[in-house]
Amino acid sequence: MGAPPRPPRGRRRKEARTRRAPRPRRRTEGPVGPGGHMSGGPAEAAVRSALEDALRRMGVEEPDVHLERPRDPAHGDLATNVAMTLASTLRKPPQEIARELAAELSLETAGVERAEVAGPGFLNLHLRADRLSEDLRSLVAGDEGFGRSEVGKGRPVMVEFVSANPTGPLHLGHGRQAALGDAISSLLQWTGWKVHREFYYNDAGRQVELLARSVRARYLQHFGRDVSVPEDGYHGDFVTEIAQELADEKGDRFLDDESSQALSEMRAFAIQRIRQDQDRDLAAFGVRFDCYYLETSLFEDGTLEATIDGLREAGLVYEHEGALWLRTTEYGDQKDRVMVKSDGSPTYFLPDVAYHTTKWERGFHHAINVQGADHHGTVTRVQAGLQALGLPEGYPEYVLHQMVTVERDGREVKFSKRAGSYTTVRELLDEVGVDVTRYFFLMRKPEAHLVFDLDVALDQSEKNPVYKVQYAHARMCSIFRKAGVEGDEVDPAAADLSLLTTEAERELVKQLLEFPQVVETAARHRAPHLICEYLEHTAGQVNSWYHSGNPTRNPELAVLVEDEALRKARLVLVRAVRIVLRNGLGLLGLQAPIRMQRESS
RNA sequence: GCGCCCGUAGCUCAGCUGGAUAGAGCGUCGGCCUCCGGAGCCGAAGGUCAGAGGUUCGAAUCCUCUCGGGCGUACCA
């Protein structure tokens, strides 16, 4: 066979505006984009602007100050490496620049007690105690909104996730997607985006056809006929269950009816049952969608034809061996792709492209698809198809996650009964519960393989990270009960927060104040695991602080000390902890329990 | 073959824009614990950041190559 025909030259040249090698889409290049400063609390903002003023006085025109919280408390509350980054443009040694900056900095307006040059050119800043107190007050004032920001400016973004075919129960991969998609959606909401959650149903095409044939086979078997499920059909128990229900509801009316009408009725029945099943699991998992988009609707409303027409107009469509191809290689794909097979039916690729055009047309100029990495082959071609239609390069953005395996005693387990070859979300939910399942799906970055350790998941002690965080929250509530006060009524204005002087307390306050930045970073990187990590770390600090006040050993470090003023101040800190943990857990879709109840075994 | 992802402590994993002595949990070892909430607390040991080269004042992080693992590479979804 010769090479496929090529479109007319002039046309092609015009349309082929970009012809570059495929480039991996970094998750950091999404809607929020890199760059732009993270907020930080009022104290940090004051430090930043004071540093910028000082730098301007030193002749730096557009100072770009990066502030970080040093790991080592001895290195101050905040540190900047700006002297090192300016060394080449100012042509001076970093340490000298840092010394100048320290001298030029107005400590008063920065709210800084002292500034020290350290290491290769860091400027370490120790905040005045009152600045930390102010930030703590604003944290409590923020309450349920603490951690939210407006960087998204209310722009719409669609997050598509799960999008399971209606051909069986949801499996672990879908579970991870449900958790990820929902958490990423929440993160975007928390950072000021208008989020639309969508589920795309591939209810057309070959797979549902196979499902229908499989159900029919089981149905006929039910009536004693000697038929077998198609080789490439669905063999799980759920197919038999559906066939059983079909027989219960419709009797034997399909028994000798081999018409396509009968098959399509059976298909509709099966799809409806499976969707019900999936919906129930998603509801149990606590995930809601704003829209379920049906692939079949693209056939019905003419979107498919319109898409083909659009692609023809772009001059990138050609026929070859009876099939209709799209020249996706124009946009970096490894080979051209078939849109319509020689038998006249479309491949999944065409509706996929058509579907994504509707996202754009519905006003979602930012779209994120959460998918399993086993589908990564589709990314380039779908983006290519969309680019051919004039949509921007890199639309939509993809978050691809790796596979999930379940382990017990260090060995992989597959405890599926219903699905045949895979473990279902339902089975996992029944085994370990919603909160643990969600958290475990989120605690690793999406692109890393996830090992779901059942031994840890079933452990109800603080070795289980979920319980560790929830315990810390419950403990704070417990302290309020013990103190006989309503946590929400603990008033920072009525307390002298300068009494929070121990290192553990100061470090804890700083940790809590970091929450908004963590949310922003996690949202920008589509990385819910950063929230998990933050919560675990925070809970560790909280628990350690709490335990340091052991009544028999160090009663003076307990929250509920005799000293009324100190007690009030510490109760404010307890309230702040509770706010942050509750907000963080809520963001991930987890409960923040007032008290923990263990199941006795 | 080509493309994408991954490789950090015994295990599971963090590590933000390239920054100071690479962190956490589990496990191991050593202490403590009739505690505001229960399998808890404190501490210790444990590293050639897969390997090699490069860029840089500075690399786990950026670039190139090699090795190892996973996935993809259909007129399947």
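Computed from heavy atoms alone, side chains included, the values below leave out hydrogens, waters and symmetry copies.
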Can you tell me how far apart CG (A:Leu187) and CG (A:Leu587) are? Round to the nearest 0.5 Å. 4.5 Å
May I ask you to say what A:Ala87 touches in the nucleic acid, namely base, sugar-phosphate or nothing, with a heavy-atom cut-off under 4.0 Å? nothing
Which is true for A:His537 with a 4.0 Å heavy-atom rule: it touches a base, it touches only sugar-phosphate, or it touches nothing? nothing
Phosphate OP1/OP2 of B:rG40: any A:Ser461 side-chain N/O under 4.0 Å: yes
So does A:Glu321 reach the base of B:rC75 with its side chain, donor to acceptor, closer than 3.5 Å? yes
Would you indicate what A:Leu530 reaches in the nucleic acid, counting non-hydrogen atoms under 4.0 angstrom: base, sugar-phosphate, or nothing? sugar-phosphate
Could you please name the partner base of B:rA60, counting Watson-Crick and G-U wobble pairs only when both distances are under 3.5 Å? none
For B:rG7 and B:rG47, measure between their C1' atoms and round to the nearest Å. 15 Å
Of the listed nucleotides (B:rC13, B:rG72, B:rA20), which one gets closest to any side-chain atom of A:Ala79? B:rA20
Scanning all shown strands, the Watson-Crick or wobble mate of B:rG43 with both distances under 3.5 Å is B:rC29
Pairwise P distance, B:rU8 and B:rG3 [rounded to whole Å]: 24 Å
hbond_proxy A:Arg481 side chain to B:rG37 base (donor-acceptor, 3.5 Å cutoff): yes
Taking atom P in both B:rG10 and B:rG70, what distance in whole Å separates the two? 22 Å
Heavy atoms under 4.0 Å, any strand shown: does A:Asn202 hit a base, just sugar-phosphate, or nothing? sugar-phosphate
Expressed as a whole number of angstroms, how long is the span from A:Glu536:CD to B:rU12:P? 17 Å
When you check the phosphate oxygens OP1 and OP2 of B:rC2, does a side-chain N or O of A:Lys335 lie under 4.0 Å from one of them? no
Measure the distance from CD on A:Glu462 to C1' on B:rA39 and round it to the nearest whole Å. 9 Å
Would you mind classifying the nucleic acid contact of A:Ala323 as base, sugar-phosphate or nothing, using non-hydrogen atoms under 4.0 angstrom? base
Tell me which nucleotide among B:rA77, B:rC75, B:rC13 gets nearest to the side chain of A:Val451. B:rC13
Looking only at atom P, what distance separates B:rU61 and B:rA22, rounded to whole Å? 15 Å
Determine, stepwise, if the pair A:Leu101 / A:Leu51 fulfils side chain to side chain contact (heavy atoms under 4.5 Å, CB included). CA-CA 8 Å; A:Leu101 181 56; A:Leu51 279 170; 3.9 Å; yes
Quick check for you: among B:rG40, B:rC2, B:rA20, whose closest atom lies nearest to any side-chain atom of A:Lys463? B:rG40
From CA spacing to verdict: ring pair (Phe, Tyr, Trp, His ring centres under 6.0 Å), A:Phe199, A:Tyr293: CA-CA 6 Å; A:Phe199 186 127; A:Tyr293 203 98; over 10 Å; no
Can you check the A:Gln371 CD to B:rC4 P distance for me, whole Å? 18 Å
With centres under 5.5 Å and planes under 30° as the test, does A:His75 stack with B:rA20? yes
What nucleotide, of B:rG15, B:rG3, B:rC76, holds the atom closest to the side chain of A:Lys445? B:rG15
For atom CZ of A:Arg337 and atom P of B:rA77, their distance in whole Å: 13 Å
Counting only N and O atoms by type, is there a donor-acceptor contact under 3.5 Å from the side chain of A:Arg337 to the main-chain atoms of A:Leu326? no
Complementary nucleotide of B:rG72, counting Watson-Crick and G-U pairs under 3.5 Å: B:rC2
What integer number of Å spans the C1' atoms of B:rC49 and B:rC33? 38 Å
Distance between the P atoms of B:rA50 and B:rG68, in whole angstroms? 16 Å
Salt-bridged, A:Arg475 to A:Glu462, with N to O below 4.0 Å? yes
In whole Å, I'd like the distance from the CG atom of A:Leu78 to the P atom of B:rC16. 19 Å
What is the nucleic acid contact for A:Ser544, judged by heavy atoms within less than 4.0 Å: base, sugar-phosphate only, or nothing? sugar-phosphate
Would A:Glu44 and A:Arg48 count as a salt bridge (charged side-chain N to carboxylate O under 4.0 Å, His left out) if you check the C-alpha gap in whole Å, the side-chain angles of each, and the deciding distance to 0.1 Å? CA-CA 6 Å; A:Glu44 184 175 325; A:Arg48 182 187 304 283; 3.3 Å; yes
Within the distance-only criterion (no hydrogens, no angle test), does the side chain of A:Glu407 pair as donor or acceptor with the backbone N or O of A:Val451 below 3.5 angstrom? no
Can you tell whether the side chains of A:Glu507 and A:Lys510 come within less than 4.0 Å, N to carboxylate O? yes
Among B:rA77, B:rC5, B:rG37, which nucleotide sits nearest the side chain of A:Glu447? B:rC5
Check the pair A:Phe452, A:Phe441 against ring pair (Phe, Tyr, Trp, His ring centres under 6.0 Å), reporting the backbone distance first and the verdict last. CA-CA 8 Å; A:Phe452 199 113; A:Phe441 278 145; 5.7 Å; yes
Looking at the side chain of A:Lys341, which of B:rC76, B:rC6, B:rC16 is the nearest nucleotide? B:rC76
Touch class at under 4.0 angstrom, heavy-atom based, for A:Ala483 against every strand present: nothing
Rounded distance (Å) that lies between atom P of B:rG58 and atom CG of A:Asn81: 16 Å
State whether A:Asp563 and A:Arg567 are salt-bridged, where the test is any N-O pair (Lys NZ or Arg NE/NH1/NH2 against Asp/Glu carboxylate O) under 4.0 Å. no
List, with names and distances, any nitrogen or oxygen atoms from the protein found under 3.5 Å away from nitrogen or oxygen atoms belonging to nucleotides 33-36 of chain B.
residue: B:rC36; atom: N4; partner: A:Tyr546; partner atom: O; Å: 2.5

Report the distance from atom NE2 of A:His401 to atom C1' of B:rC6, rounded to the nearest whole Å. 15 Å
Contacts of A:Gly377 and A:Gly119 projected onto RNA chain B by closest heavy atom; the upstream (5') one is A:Gly119
A:His376 near the nucleic acid: base, sugar-phosphate alone, or nothing, with a heavy-atom cut-off under 4.0 Å? base
Measure CD/A:Gln402 against C1'/B:rU12 and give the value in whole Å, please. 16 Å
According to a strict under-4.0 Å criterion, is A:Arg69 in side-chain N/O contact with OP1 or OP2 of B:rC16? no
So, A:Arg69 and A:Glu514, do they make that salt bridge, N to O below 4.0 Å? yes
Suppose you measure atom C1' in B:rU73 against the same atom in B:rC16; what distance do you get, rounded to whole Å? 34 Å
Check this for me: does the side-chain of A:Asn124 come within 3.5 Å of the base of B:rA20 through a donor and an acceptor? yes
Does the A:Ser342 side chain pair with the main chain of A:Gly322, one donor and one acceptor, at a distance under 3.5 Å? no
Can you tell me the base-pairing partner of B:rA24? Count Watson-Crick or G-U wobble geometry only, both distances below 3.5 Å, and say none if there is no partner. B:rU12
If I pick the C1' atom on B:rG69 and the same atom on B:rG23, what distance separates them, to the nearest angstrom? 25 Å
Does OP1 or OP2 of B:rA24 have a side-chain N or O of A:Lys468 closer than 4.0 Å? no
Can you tell me if A:His529 touches the phosphate of B:rC16, counting only side-chain N or O atoms and a distance under 4.0 Å to OP1 or OP2? no
Partner of B:rU34 under the Watson-Crick or G-U wobble criteria, both distances under 3.5 Å, comes out as none
